[in-house]
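To keep things clear, I will list the structure first and then write my remarks on it.
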Amino acid sequence: MNNVIINSQKQKVTTNAGKLVKTLEILGVDSIFGYPGAAVLSIYNELSYTNKITHYLVRHEQAALHAAEGYARTSGKVGVVLVTSGPGFTNTITGIANAYTDSTPLVVLVGDVPVSNKSGKVFQKVDIASMTKSCTKKTYTLTRNDDIVQILEEAFTIADTGVKGPVVIALPRDFLEMEYKSKTTNIIEYDLKTKNYSQAIEKLNKLFSESKKPLVLVGGGAARASEEIKKLIKKYNIPVVSTLMGIGIYPAEDELYVGMIGINGAYQANNVLNNCDLLVSFGAAFSDRSTCKREDFGVETKIVSVNLNLISDDFELQIKADVKDFLKQYLQTNINPNYSNWLEQVQVIKSEFCIENNTPHCLRSSYVLAALSRYTSEYKPIVVTDVGQHQMLTAKFFKFNEPGKFITSGGLGTMGFGLPAAIGAYIANPNNLILNITGDGSFQMNLQELATCREHNIPIKIIIMNNGYLGMVRQMQQKLYNKCYQVEMTNPDFVKIAEAYDLFAIRVTDKEELLPAIKKILDHKGTAIVDIMIDSFEET
């Protein structure tokens, strides 16, 4: 555990807290993001005896959840969080909900008041199970009759099986301090047998054969199936679009990729979507941000959905399946469609779109992000965004060619996600360049995590798109509420804030300063910040 001296005395592991730490080791956990308190000090004490698990002390419990998400989404492992009772837990709710909506596998270990002291008014007592009911896959509230080993094994399996998501384990203080005794009860069994999709494959082949203008839609649920999707696209020569969460699963620089669809999507992608006659979706949830008005979406288009969840009875075909498993079987079949006329039409639509920035000195996000994408392309960076205009413009103008390179808060839209998630991404990928692209509003939600960066010497590069507004809200107020703004921000000096944390920072005010500043932060060995003063009225 960082900043904690490993206890040199041998301790016999007899308590539930000790067995918990040993089980985490066996499960392959190497990193925990947390914040201590009285209810979980027995766990922290046991962590002092291991050199296999590193604990990262964040400065706010919400940040622990986001850091664990960044870790999980870039490592393929389950992220682990450890927090104390009462406000220690309640501060995690936003992060748990974020992980739930974006299907990120987490196990959240939460301290709780003693089992023997739950009646009446008790310090830091909250109803953990009730508060997590709508935003977890499962919540355990342990008693003396539970086996911590079995519970942990189940929790990790549940979090990482099927539609992934967070699992919460409430750990009463007296339970943790009890002597461990094995009490294995009913074991949860999962049907992991590969299903036969021959009938669904036959129906899909028929739809492909009848189609003149097919389109593939890639969502976040297809992250494990990147190679299979690339094989399908090349085999049939079909254009492909993505949702926000599907960005990078198919290479953005491939000629068959059109762009991101939805309310904040690219013009050419939405145009192609509106003109297709068959939409085959892999791992997309069809959220309102992707479909705009759901009742008007794809009215004249046949829609096929391959997903672990059933989406709509109005679709032509729904295939309940893991995308990778389904495509492995599907790619064994052969049809020979010809979509050349459709591809020509798609290329015409794509050619109508271009990036323009005619203002000589004013920095626009589109210009900054396109330049940053080109300049850092050789590093193949992992890019973590916050939420707002910068997020959508990153999705449009940054080129992502691999899965797991674009990490963002999609379903919940959580400002403050970016910095801690970037920390987690670095912990999982210490040899990668990690960029945190954020806005001046989002950055201030969790900027205290600069202390975590400094303490652990985490060399992420933070790009603040500073327009003095909550830009996305201002954009809506301009269009819908007659420019009635309440979102102009009086910001602090971010460079001075960085210096207060003993970190390197630089400010950019015009185009000529941009590339030299990017070079400086990339060359800097530790955490580095560039505060870019951008056009206040640019829109997505």
Side-chain angles (χ1 to χ4, degrees), residues 20 24 29 31-41 43-44 47 55-73 77-113 123-142 151-152 155-156 158-160 164-173 176 386-387 407 409-425 427 442 445-449 451-452:
L20 180 150
L24 292 177
V29 174
S31 301
I32 293 177
F33 304 90
Y35 203 100
V40 289
L41 289 185
I43 299 176
Y44 276 89
L47 283 170
H55 174 269
Y56 294 91
L57 176 65
V58 296
R59 299 309 191 262
H60 191 282
E61 290 89 353
Q62 179 183 334
L65 271 294
H66 296 329
E69 271 204 83
Y71 175 93
R73 287 166 63 176
K77 299 173 69 175
V78 175
V80 180
V81 173
L82 173 59
V83 296
T84 193
S85 56
F89 162 68
T90 58
N91 282 344
T92 68
I93 286 292
T94 296
I96 292 170
N98 194 85
Y100 184 74
T101 54
D102 285 346
S103 302
T104 305
L106 302 181
V107 169
V108 186
L109 306 172
V110 179
D112 199 2
V113 298
F123 178 67
Q124 291 196 340
K125 182 180 78 170
V126 294
D127 190 337
I128 294 171
S130 294
M131 295 177 75
T132 60
K133 188 175 182 180
S134 66
C135 58
T136 58
K137 289 191 72 176
K138 186 175 179 67
T139 296
Y140 295 89
T141 301
L142 301 197
I151 296 298
L152 282 171
F156 274 75
I158 291 169
D160 206 31
K164 303 177 191 297
V167 175
V168 171
I169 305 177
L171 300 158
R173 180 175 178 174
L176 290 170
D386 269 289
V387 171
I407 309 299
S409 171
L412 196 64
T414 305
M415 294 175 69
F417 170 84
L419 176 54
I423 291 171
I427 301 305
S442 286
M445 290 282 186
N446 268 319
L447 64 77
Q448 77 283 339
E449 298 311 316
T452 308

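Residue numbers run from 1 in the order of the sequence given.
- Contact detail for Met445 and Gly416: the closest heavy-atom pair is CB-CA, 3.5 Å.
- Side-chain atoms of Thr139 do not come within 3.5 Å of backbone N or O of Ala129 as any donor-acceptor pair.
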Original post:
Does the pair Val40 and Leu109 meet the rule for a side-chain contact (heavy atoms from CB on, under 4.5 Å), with working shown?
Top reply: CA-CA 9 Å; Val40 289; Leu109 306 172; over 6 Å; no

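- Across Ile96, Asp112, Val108, Thr84, a single residue satisfies side-chain contact (heavy atoms from CB on, under 4.5 Å) together with Phe89, and that is Ile96.
- Side-chain contact between Asn98 and Leu65: absent, with no pair of heavy atoms (C-beta onward) separated by less than 4.5 Å.
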Original post:
Step by step, would you call Asn91 with Tyr35 a side-chain contact (heavy atoms from CB on, under 4.5 Å)?
Top reply: CA-CA 11 Å; Asn91 282 344; Tyr35 203 100; over 6 Å; no

Original post:
Would Tyr140 and Val167 count as a side-chain contact (heavy atoms from CB on, under 4.5 Å) if you check the C-alpha gap in whole Å, the side-chain angles of each, and the deciding distance to 0.1 Å?
Top reply: CA-CA 8 Å; Tyr140 295 89; Val167 175; 3.8 Å; yes

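- Residues passing the side-chain hydrogen bond (donor to acceptor under 3.5 Å, both in side chains) test with Lys137, sequence neighbours excluded: none.
- Under the rule for a side-chain hydrogen bond (donor to acceptor under 3.5 Å, both in side chains), the partners of Ser130 that lie at least two apart in sequence or sit in another chain are Asp127.
- Across Val81, Ile43, Val107, Leu24, a single residue satisfies side-chain contact (heavy atoms from CB on, under 4.5 Å) together with Ile32, and that is Leu24.
- Rounded to the nearest 0.5 Å, atoms CG (Leu152) and CG (Leu20) are 5.0 Å apart.
- Formation of a donor-acceptor pair under 3.5 Å by the Glu449 side chain with backbone atoms of Arg59 is found in this model.
- Rounding to the nearest 0.5 Å places CD1 of Ile151 at 13.0 Å from CZ of Phe156.
- Scanning both residues, Ser85 and Ala39, for their nearest heavy atoms gives OG-CB, 3.7 Å.
- Checking Thr94, Ile93, Val83 one by one against Glu61, the side-chain contact (heavy atoms from CB on, under 4.5 Å) holds for a single residue, Val83.
- Counting heavy atoms from C-beta on, the side chains of Leu57 and Pro36 come closer than 4.5 Å.
- When all heavy atoms of Ala72 and Pro105 are compared, the closest pair comes out as CB-O, 3.8 Å.
- Asp386 places a side-chain N or O within donor-acceptor distance of the main-chain N or O of Phe417, the cut-off being under 3.5 Å.
- Rounding to the nearest 0.5 angstrom, the gap separating the CZ atom in Arg73 from the CD1 atom in Ile407 is 5.0 Å.
- For Asp102, there are no side-chain hydrogen bond (donor to acceptor under 3.5 Å, both in side chains) partners two or more places apart in sequence or in a different chain.
- Below 30°, between 30° and 60°, or above 60°: for His55 and Tyr44 the angle between ring planes is above 60°, a perpendicular geometry.
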**OP:** Show the numbers, then the answer: is there a side-chain contact (heavy atoms from CB on, under 4.5 Å) between Val168 and Thr92?
**Re:** CA-CA 11 Å; Val168 171; Thr92 68; over 6 Å; no

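- The nearest pair of heavy atoms linking Cys135 to Pro166 is O-CG, 3.5 Å.
- Nearest heavy-atom pair, Ser31 versus Val80, reported as atom, atom and distance to 0.1 Å: O-CB, 4.1 Å.
- Taking each heavy atom of Ala63 and Gln448 in turn, the nearest pair found is CB-NE2, 4.4 Å.
- Looking only at side-chain heavy atoms (C-beta outward), Phe33 and Thr452 stay at 4.5 Å or farther from each other.
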